[in-house]
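For reference, the structure discussed in these notes is given below.
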There are 2 protein chains.
Amino acid sequence: MSKQLTMSDIARMAGVSIATVSRVLSNHPMVREETRKRVLALVKEHRYEPSYVARNLSTRRTHTIGVVVDDISNPFFMELAKGIESVLQKNRYTMLLTSSSWDTDKEAELIRTLLRNRVDGVLITPVHPESESTEIMRRNGVPFVIMNCRSDHDSASYVSTDNLEGGRVAAELMLRTSPAHFLCLSGIPHQSTNERAEGFIQEIKNHGRSEDLAVYEEVRTFEDGYNIVPSLIARNRVDVVSTGIFTSNDFVAMGILDGLIEHKIPVPSQVSVIGYDDIAFAERYRIPLTTVVQAKQSMGQLAADELMELIQDRNHTPARLLLKPRLIVRDSCPTAQTHPPRSVVQ
Amino acid sequence: MSKQLTMSDIARMAGVSIATVSRVLSNHPMVREETRKRVLALVKEHRYEPSYVARNLSTRRTHTIGVVVDDISNPFFMELAKGIESVLQKNRYTMLLTSSSWDTDKEAELIRTLLRNRVDGVLITPVHPESESTEIMRRNGVPFVIMNCRSDHDSASYVSTDNLEGGRVAAELMLRTSPAHFLCLSGIPHQSTNERAEGFIQEIKNHGRSEDLAVYEEVRTFEDGYNIVPSLIARNRVDVVSTGIFTSNDFVAMGILDGLIEHKIPVPSQVSVIGYDDIAFAERYRIPLTTVVQAKQSMGQLAADELMELIQDRNHTPARLLLKPRLIVRDSCPTAQTHPPRSVVQ
DNA sequence: TTTGCCGATGTAACCGTTTGCATACATAGT
DNA sequence: ACTATGTATGCAAACGGTTACATCGGCAAA
């Protein structure tokens with residue numbers, strides 16, 4: 001494998017200067033048609049591929065954006081990435097992907113690495129809304145867009161979901177079926193998750209039902225959900241008191257369902273369950289799960305679009321987008337229509 | 001936001017030459033301790049971050065590897081990526097991620113883009129084992145490792161799963177429970193999927209049961225699986241002839257299960273089902289699914305490790321790794337132990 | 001014929017590092 | 001005192017492009 005070809009090789013072969021080759025390759029208009037053809041023929045013949053790293057150094061732009069996610073192997077991220085990719089591909093950008101594993105120090109370090117690579121911008125799902133990472137980016141004047149998290153900072157662009165609203169609509173649905181008791185199981189301590197719970201709790205309170213509400217924290221996994229059922233029975237008597245349960249993710253909800261089934265507690269007549277995310281198969285679970293969805297792919301797209309804007313126009317007004325979550329009603333929770341008769345039966 | 005600092009700024013401030021700063025930053029031993037400290041202090045104070053793009057140009061290495069997957073929003077890829085990331089992070093490499101959307105032309109174009117970015121190596125889940133993409137990389141002498149696909153090319157490194165074996169063990173289990181009839185539903189026309197079916201079919205033939213085997217192709221999705229059940233009943237009489245069904249992915253298997261349940265066909269006594277992949281919740285499906293798993297994360301790790309080797313040592317002997325798939329027995333298929341009694345009952 | 005302008009091309013500086021080689025100084029060996 | 005040796009540093013040439021500016025022939029206008 002011989003040395004990589006460079007522009008000067010092509011230039012020599014075409015009998016022109018490097019500058020001319022460069023002009024041809026960047027579609028500069030000021031090139032004679034015949035010259036252009038000759039150069040392009042040689043480029044094609046020798047399969048010359050220009051070095052972006054040289055070009056990047058010279059132009060001080062890399063057409064690369066950094067993406068920092070909390071966890072690569074997270075289905076949420078996949079969807080996000082799909083949206084991002086489509087936008088980047090359209091704009092001929094490439095993506096440098098890294099994951100922070102929920103560690104703020106690592107996150108900051110990743111940002112530094114991205115900056116050293118002189119990325120044109122960053123898309124990030126930050127562990128915390130404001131942190132060293134965002135500070136570093138601001139200090140270096142690198143445009144960035146926060147995903148799945150709101151930030152109060154003036155200059156911050158973000159695209160997130162209205163999680164308060166998500167919790168609220170879940171509560172709204174649940175209130176309509178008037179169970180005697182409400183449970184809110186909140187998950188990891190992250191802004192998005194907290195807000196879901198908060199929205200739910202707010203709405204319950206607004207309806208003067210706060211006395212009938214119990215909150216559990218740090219219930220994260222399927223197992224957590226499954227394992228907590230006995231204590232819900234012991235402490236909240238969900239087996240005899242009609243109860244509505246809201247969880248901050250579908251895994252927990254499914255665990256709960258399994259536990260309830262095992263204890264032969266009828267769903268949704270005795271206990272109704274609402275999850276969050278609409279993961280694959282929520283729809284086809286043993287009891288199809290009522291849940292709140294976020295437009296993940298759109299979130300990625302919008303964030304990437306916003307970043308493109310920021311890159312093009314440094315003083316573009318930061319966008320703060322809150323996507324509306326969508327409530328999907330399935331069998332784990334009675335719909336307004338179906339519940340009343342059933343609840344009478346129970 | 002003032003201009004980015006460069007080495008020469010630091011050099012001027014420290015009263016040394018650029019070369020010295022460079023030496024300090026790359027831990028060259030030949031620097032007086034006092035000088036090193038002075039420079040490092042300034043670097044820290046001014047938060048100077050060296051430009052990797054300049055460094056890359058100079059050293060002709062980027063410490064970046066390109067990753068080309070067929071579909072970003074594929075759970076399979078997530079796992080793979082996790083394995084890859086861990087290795088890259090350890091070796092201080094970054095990853096340029098792109099996705100081909102199963103399009104060979106796009107794939108080739110992506111490879112070209114990666115080459116222009118002068119990546120040090122490429123990890124790819126190719127649409128086809130040999131194609132323009134691999135040819136381009138070979139021609140340019142870029143080390144690459146194929147994932148989830150075998151290649152017959154001498155110089156190819158790959159890490160894949162022994163899919164033939166996967167199909168075979170599924171058949172083996174199924175044969176032990178001796179249904180009267182076998183069905184093999186193969187999915188997308190990709191090497192990996194084809195081999196799963198092939199392994200299954202082979203083993204059935206080896207046991208002289210090929211006459212009892214029917215094969216369906218292009219059954220890909222949950223819906224495909226669900227929708228095909230009526231015709232399986234009509235054409236193969238799975239409702240009365242005890243049948244073992246092998247599908248090349250869990251979605252299809254789940255669809256089949258739903259269809260069977262709907263038609264009140266008892267599983268696994270009348271019909272048994274084996275899937276492939278062990279997707280999340282296969283374990284907790286209405287009927288927990290027997291399935292074959294691949295060590296996805298290991299695949300990513302091993303591939304990345306191999307790539308690191310190739311990069312370090314250009315004439316490292318290519319590794320050809322076939323990971324052993326693992327059969328996970330659950331309720332959709334009778335185990336050797338549980339089946340006999342149950343089948344008697346039926 | 002001269003002037004002026006324009007389109008096509010070449011020249012060379014620059015982007016921000018790395019690194020081979022030269023230099024300079026100090027210390028040790030003779 | 002005079003090489004040898006070694007250590008710390010500087011100089012300058014790469015790396016492979018982009019681009020402002022200079023150059024130059026040709027043609028229209030004066």
Side-chain angles (χ1 to χ4, degrees), chain A residues 2-40 42-43 46-64 112-113 115-120 140, chain B residues 2-40 42-43 46-64 92 112-120 140:
Chain A
S2 51
K3 281 237 146 16
Q4 284 259 12
L5 280 183
T6 71
M7 274 200 170
S8 69
D9 296 316
I10 300 290
R12 193 177 335 106
M13 297 189 279
V16 297
S17 72
I18 300 186
T20 302
V21 177
S22 174
R23 289 194 189 97
V24 170
L25 263 52
S26 46
N27 285 323
H28 190 104
M30 211 83 341
V31 177
R32 192 154 38 112
E33 192 51 29
E34 188 234 308
T35 315
R36 175 186 307 279
K37 282 206 178 121
R38 185 150 38 95
V39 170
L40 285 180
L42 284 164
V43 165
H46 294 88
R47 299 190 167 94
Y48 164 70
E49 300 287 356
S51 162
Y52 284 175
V53 4
R55 184 211 294 264
N56 292 347
L57 177 59
S58 189
T59 59
R60 256 147 310 171
R61 297 203 44 195
T62 56
H63 273 265
T64 295
R112 273 186 217 103
T113 305
L115 293 183
R116 291 200 265 261
N117 279 289
R118 300 294 190 259
V119 294
D120 290 346
N140 284 61
Chain B
S2 50
K3 282 243 145 9
Q4 284 261 11
L5 281 183
T6 72
M7 276 201 171
S8 71
D9 296 317
I10 300 290
R12 193 178 335 105
M13 296 189 279
V16 298
S17 73
I18 299 185
T20 301
V21 177
S22 174
R23 290 196 187 95
V24 170
L25 262 50
S26 46
N27 284 325
H28 190 104
M30 210 83 342
V31 177
R32 191 152 40 109
E33 191 51 29
E34 188 234 306
T35 316
R36 174 184 310 279
K37 282 208 177 121
R38 186 149 37 94
V39 170
L40 285 179
L42 284 165
V43 165
H46 294 88
R47 300 192 167 91
Y48 163 71
E49 301 286 357
S51 163
Y52 284 176
V53 3
R55 185 209 294 262
N56 293 345
L57 177 59
S58 189
T59 59
R60 257 146 308 170
R61 297 202 45 193
T62 54
H63 272 265
T64 296
R92 327 209 95 237
R112 273 185 218 104
T113 305
L114 292 177
L115 293 183
R116 290 199 266 262
N117 280 289
R118 300 294 190 259
V119 294
D120 289 346
N140 283 61

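Proteins come first, then strands; the chains are lettered A, B, ... in the order of their sequence lines, and each starts at number 1. A quick note: this is a predicted structure, and the numbers were derived from the prediction, not measured.
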Within residues 51-62 of chain B, find the residues that approach DNA chain D with a heavy atom at under 4.0 Å, and present them sorted by residue number.
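Going residue by residue through residues 51-62 of chain B, the ones with a heavy atom under 4.0 Å of DNA chain D turn out to be B:L57, B:S58, B:R60.
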
Going by side chain to side chain contact (heavy atoms under 4.5 Å, CB included), name the residues that satisfy it together with A:I18, two or more places apart in sequence or in a different chain.
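Listed in chain order: A:M7, A:S8, A:A11.
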
Enumerate the residues from residues 25-38 of chain A whose closest heavy atom to DNA chain C is under 4.0 Å, giving them by residue number; use none for an empty result.
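Output list: A:M30, A:V31, A:R32, A:T35.
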
Check DNA chain C against residues 7-20 of chain A and give the residues with a non-hydrogen atom under 4.0 Å, in numerical order.
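A:G15, A:V16, A:S17, A:A19, A:T20 - these, ordered by number, are the residues of the stretch whose heavy atoms sit under 4.0 Å from the strand.
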
What are the two closest non-hydrogen atoms of [X] and [Y], and how far apart are they?
| X | Y | answer |
| --- | --- | --- |
| A:D120 | A:T62 | OD1-N, 3.0 Å |
| B:R118 | A:E49 | NH2-O, 3.0 Å |
| B:I10 | B:Y48 | CD1-CB, 3.8 Å |

When rounded to the nearest 0.5 angstrom, what is the spacing between CD in A:Q4 and CG in B:L115?
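Those atoms lie 7.5 Å apart.
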
Protein and nucleotides 21-25 of chain C: nitrogen or oxygen contacts under 3.5 angstrom:
none

Residue pairs involving residues 11-29 of chain B (criterion side chain to side chain donor-acceptor pair (under 3.5 Å); sequence neighbours excluded):
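Every pair satisfying side chain to side chain donor-acceptor pair (under 3.5 Å) with a residue in residues 11-29 of chain B: B:D9-B:R12, B:S17-B:T20.
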
Go through the structure and list residues passing salt bridge (charged side-chain N to carboxylate O under 4.0 Å, His left out) with [X], not counting sequence neighbours.
| X | value |
| --- | --- |
| A:R60 | none |
| B:R47 | none |
| B:E33 | B:R36 |
| B:R38 | B:E34 |

Work out how much the helix from C:dT1-D:dA30 to C:dT30-D:dA1 bends between its end axes, five pairs an end, to the nearest 10 degrees.
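End-to-end axis angle: 60°.
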
Below 4.0 Å: OP1/OP2 of D:dG17 and any side-chain N or O of A:Y48:
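Yes.
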
Going through the checks in order, is the side chain to side chain contact (heavy atoms under 4.5 Å, CB included) test met by B:T64 and B:N117?
CA-CA 9 Å; B:T64 296; B:N117 280 289; over 6 Å; no

Acceptor/donor pairs from residues 51-59 of chain B side chains to any protein atom, 3.5 angstrom cut, sequence neighbours excluded:
from  : atom 1 : to     : atom 2 : distance (Å)
B:S51 : OG     : B:V53  : N      : 3.3
B:S51 : OG     : B:A54  : N      : 3.1
B:Y52 : OH     : A:R116 : NE     : 3.0
B:N56 : ND2    : B:Y52  : O      : 3.2
B:T59 : OG1    : B:R55  : O      : 2.9
B:T59 : OG1    : B:R61  : N      : 3.4
B:T59 : OG1    : B:R61  : O      : 3.4

Touch class at under 4.0 angstrom, heavy-atom based, for B:T6 against every strand present:
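Sugar-phosphate contact only - B:T6 comes under 4.0 Å of backbone atoms but never of a base.
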
Matching residue for B:V21 among B:V31, B:V16, B:T35, B:L40 - test: side chain to side chain contact (heavy atoms under 4.5 Å, CB included):
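Single pass found, and it is B:V16.
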
